[in-house]
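Notes follow the structure.
These numbers come from the heavy atoms of this one structure, side chains and all, not from hydrogens, waters or symmetry mates. Numbering of residues begins at 1 and proceeds along the displayed sequence.
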Amino acid sequence: MKLIKLIKYLEKKFPANKAYEWDNVGIQKFNKKVVNFDKEISNVLITMDLNNESLKQMKNSKIDFIITRHPFIFNELKKEKENPFKKELIKYLTKEDIYVFSIHTNYDICGYKAFIDMLTNAFKIKSAKFPLFNKEYLEVNLNSDISKDDLIQNLKNVFQVKTIQINSDENFKTSKFLINQGSGASSMISKQIQDCVFITGEAKWSDWIYANDNNVTLITVGHYMENYFINDIEERLSNNFKDIKIEKVDIKEQYYVK
């Protein structure tokens with residue numbers, strides 16, 4: 001299958017103009033080569049990030065196209081090459097003529113159905129909607145109150161994580177929470193959120209301070225919460241393209257909690 005066919009499909013489903021302005025989505029430019037849209041694509045790899053595990057899979061399976069959740073090139077290329085591993089990886093990708101395509105905040109905005117479906121499997125949801133135009137976070141209303149312990153356990157189950165962080169040690173019940181993905185705690189501050197339960201992937205120290213000062217129960221489940229992206233993209237491609245082989249890499253949590 002020609003590269004252009006796959007690119008057109010991805011760009012239609014996840015338009016680059018839906019991504020936040022600071023984001024770098026689509027074809028990742030890390031060399032001076034002109035993109036050959038007539039290149040034949042047969043083996044596609046899907047992963048959250050291009051790391052050492054991804055590289056091993058590339059070498060073992062002769063991958064020629066990669067789809068990532070997080071942009072491979074996020075900063076200026078010169079800055080990116082200060083990472084020794086990434087510098088060598090760029091050399092390998094260039095030598096093997098492997099293209100990388102990233103779907104990041106445009107996936108948050110356009111691919112949210114898989115996220116809602118996953119939450120629905122864990123919670124008895126009355127309604128789930130995005131109160132903001134740019135879908136910065138999801139507002140989830142439950143059919144009935146849920147205890148803190150049950151909320152935490154459900155989050156662990158749905159996102160396949162062993163630990164979470166929370167700024168409250170007190171028992172509580174809630175029938176509503178706000179949730180977004182990745183390093184999304186900044187939305188809590190930018191939208192002046194207060195008096196609620198807010199769930200995200202990661203938070204800075206200043207985010208925890210804000211939450212405590214504004215009666216926000218802040219829960220972080222880790223960036224790994226975005227890993228469902230891999231199976232969702234695999235299913236989409238499998239249903240639309242029968243002439244490519246699809247592989248995936250679960251890079252797993254990047255740290256241990258002792």
Would you list the pairs meeting ring pair (Phe, Tyr, Trp, His ring centres under 6.0 Å) in which at least one residue belongs to residues 167-192, sequence neighbours left out?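 Applying ring pair (Phe, Tyr, Trp, His ring centres under 6.0 Å) to every pair that reaches into residues 167-192, excluding sequence neighbours, yields F123-F177.
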With sequence neighbours left out, which residue pairs that include part of residues 188-208 fulfil the ring pair (Phe, Tyr, Trp, His ring centres under 6.0 Å) condition?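 Counting only pairs at least two positions apart or across chains, no ring pair (Phe, Tyr, Trp, His ring centres under 6.0 Å) contact touches residues 188-208.
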Is it the case that more than 12 heavy atoms not belonging to K162 sit under 6.0 Å from its NZ atom?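 Atom NZ in K162 is not crowded, with 12 or fewer foreign heavy atoms closer than 6.0 Å.
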Does NZ belonging to K18 count more than 12 external heavy atoms closer than 6.0 Å? no
How long is the gap from [atom1] on [X] to [atom2] on [Y], to the nearest 0.5 Å?
| X | Y | atom1 | atom2 | answer |
| --- | --- | --- | --- | --- |
| L45 | L50 | CG | CG | 7.5 Å |
| M58 | N60 | CE | CG | 11.0 Å |
| K5 | E40 | NZ | CD | 10.5 Å |
| I7 | K2 | CD1 | NZ | 14.0 Å |

State, without any angle test, whether [X] and [Y] hold a side-chain donor-acceptor pair at a distance under 3.5 Å.
| X | Y | answer |
| --- | --- | --- |
| E226 | H70 | yes |
| N180 | K135 | no |
| N157 | Q153 | yes |

Could you check whether any side-chain N or O of [X] sits under 3.5 Å from a backbone N or O of [Y], counting only pairs where one atom can act as donor and the other as acceptor?
| X | Y | answer |
| --- | --- | --- |
| D250 | K252 | yes |
| N106 | F14 | yes |
| N240 | R236 | yes |
| N227 | T47 | no |
| Y99 | N36 | yes |
| T217 | V197 | no |

Over-ring placement of K86 relative to F72, 6.0 Å and 45° cut-offs: yes
Let's go through T220 and E202 carefully: what are the C-alpha distance in whole Å and the side-chain angles of both, what is the deciding distance for side-chain contact (heavy atoms from CB on, under 4.5 Å) to 0.1 Å, and is it a yes or a no? CA-CA 5 Å; T220 62; E202 298 171 341; 5.6 Å; no
Pairs in or reaching into residues 56-68: which pass salt bridge (Lys or Arg N to Asp or Glu O under 4.0 Å), with residues at least two apart or in two chains?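 Applying salt bridge (Lys or Arg N to Asp or Glu O under 4.0 Å) to every pair that reaches into residues 56-68, excluding sequence neighbours, yields E53-K56.
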Listed by chain and number, what are the side chain to side chain contact (heavy atoms under 4.5 Å, CB included) partners of S186, not counting sequence neighbours?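 Applying side chain to side chain contact (heavy atoms under 4.5 Å, CB included) to S186 gives none.
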Side chain to side chain contact (heavy atoms under 4.5 Å, CB included) filter on I189, not counting sequence neighbours, yields D207, Y210
For a quick test of your reading: what N or O donor-acceptor pairs under 3.5 Å do the side chains of residues 110-120 make, sequence neighbours left out?
from	atom 1	to	atom 2	distance (Å)
K113	NZ	D117	OD2	2.8
T120	OG1	I116	O	2.8

Residue pair S102, T68: steps toward the side chain to side chain donor-acceptor pair (under 3.5 Å) verdict: CA-CA 5 Å; S102 298; T68 69; 2.7 Å; yes
Salt-bridge contact [X]-[Y] (side-chain N to carboxylate O under 4.0 Å):
| X | Y | result |
| --- | --- | --- |
| D108 | R69 | yes |
| K245 | E247 | yes |
| E82 | K79 | yes |

Can you label the angle between the Y107 ring and the Y228 ring as parallel, tilted or perpendicular, going by 30° and 60°?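 Ring orientation, 0 to 90° scale: tilted.
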